[in-house]
Participant: 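Dropping a structure here in structure tokens format, bear with me for questions.
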Amino acid sequence: MDQELPCGARLVVGVDESPASRWALAWAIGVARLHRMPLVAVHVSRAPVHPFPEALPVQHALRNGEESRCADVIGRVFDDVAGGVPGDVATYMVGKVGDPGYHLVDLAREGDLLVLGRGRRGPVARLFLPSTSMYCARHARTTVVIVRQPSPPEEPELSGERARRGTRFWRHL
């Protein structure tokens, strides 16, 4: 998972198992193909770890286990979105443990393009889990693209007899 990242402009995309992240990865793959940019897929695990894992052997093992799990998550998301890692795009995978916003902002340098997905969250989720995309938009030193998850299709209008039955019911109230 620790690999030498390319020099020059890169396309850094935050990857997790959410639908919004899948949309962001699909967009990033398209832009990387169009502009022939290297693609850096980053998954950051929020697993609680000690700040100095070398001090505790158990924490060191947990961190290593989480970083290897990051590679599995990135691989599964690539399989879902593109049928695997695209062969026509130079792709790098990075796994980190800690706060996603901090690591994404730290990894994306000036001249890069940072791509993140933004899904729908309820008020409780927003209260207890801050938005990674908003953190990155405020703190990144580079251009940030936030890809919103599309709205689900609306229900089709009722037609025929079912629509008429519904209006009759409301007229009697």
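Model, not experiment: these values are computed from the prediction.
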Participant: Would you please name every residue forming a salt bridge (charged side-chain N to carboxylate O under 4.0 Å, His left out) with Arg141, sequence neighbours left out?
Facilitator: none
Participant: Just by modelled atom types, is the Pro100 backbone N or O under 3.5 Å from a matching donor or acceptor in the Arg46 side chain?
Facilitator: no
Participant: Does a side chain donor of either Ser18 or Arg118 reach within less than 3.5 Å of an acceptor in the other side chain?
Facilitator: no
Participant: Within a reach of under 6.0 Å around CZ of Arg138, are more than 12 heavy atoms found that belong to other residues, nucleotides or ligands?
Facilitator: no
Participant: Check for a donor-acceptor pair, side chain of Ser21 on one end and backbone N or O of Asp16 on the other, with a separation under 3.5 Å.
Facilitator: yes
Participant: Does the His43 side chain pair with the main chain of Val15, one donor and one acceptor, at a distance under 3.5 Å?
Facilitator: yes
Participant: Checking Asp112 side chain against Arg10 main chain: does a donor-acceptor pair fall under 3.5 Å?
Facilitator: yes
Participant: Who pairs with Asp106 by salt bridge (charged side-chain N to carboxylate O under 4.0 Å, His left out), at least two apart in sequence or on another chain?
Facilitator: none
Participant: Less than 4.5 Å apart, side chain to side chain, heavy atoms only: is that true for Val13 and Val42?
Facilitator: no
Participant: Taking His103 for the side chain and Val97 for the main chain, is one N or O donor matched with an acceptor at less than 3.5 Å?
Facilitator: yes
Participant: Is a side-chain donor or acceptor of Ser133 paired with a backbone partner of Ser131 at a separation under 3.5 angstrom?
Facilitator: no
Participant: For the atom pair CG (Leu114) and NE2 (His139), what is the distance rounded to the nearest 0.5 Å?
Facilitator: 13.5 Å
Participant: Taking the side chain as C-beta and beyond, is there a heavy-atom pair between Met134 and Ile146 under 4.5 Å?
Facilitator: yes
Participant: Closer than 3.5 angstrom, by distance alone: can the side chain of Arg109 be matched with the main-chain N or O of Gly8 as a donor-acceptor pair?
Facilitator: yes
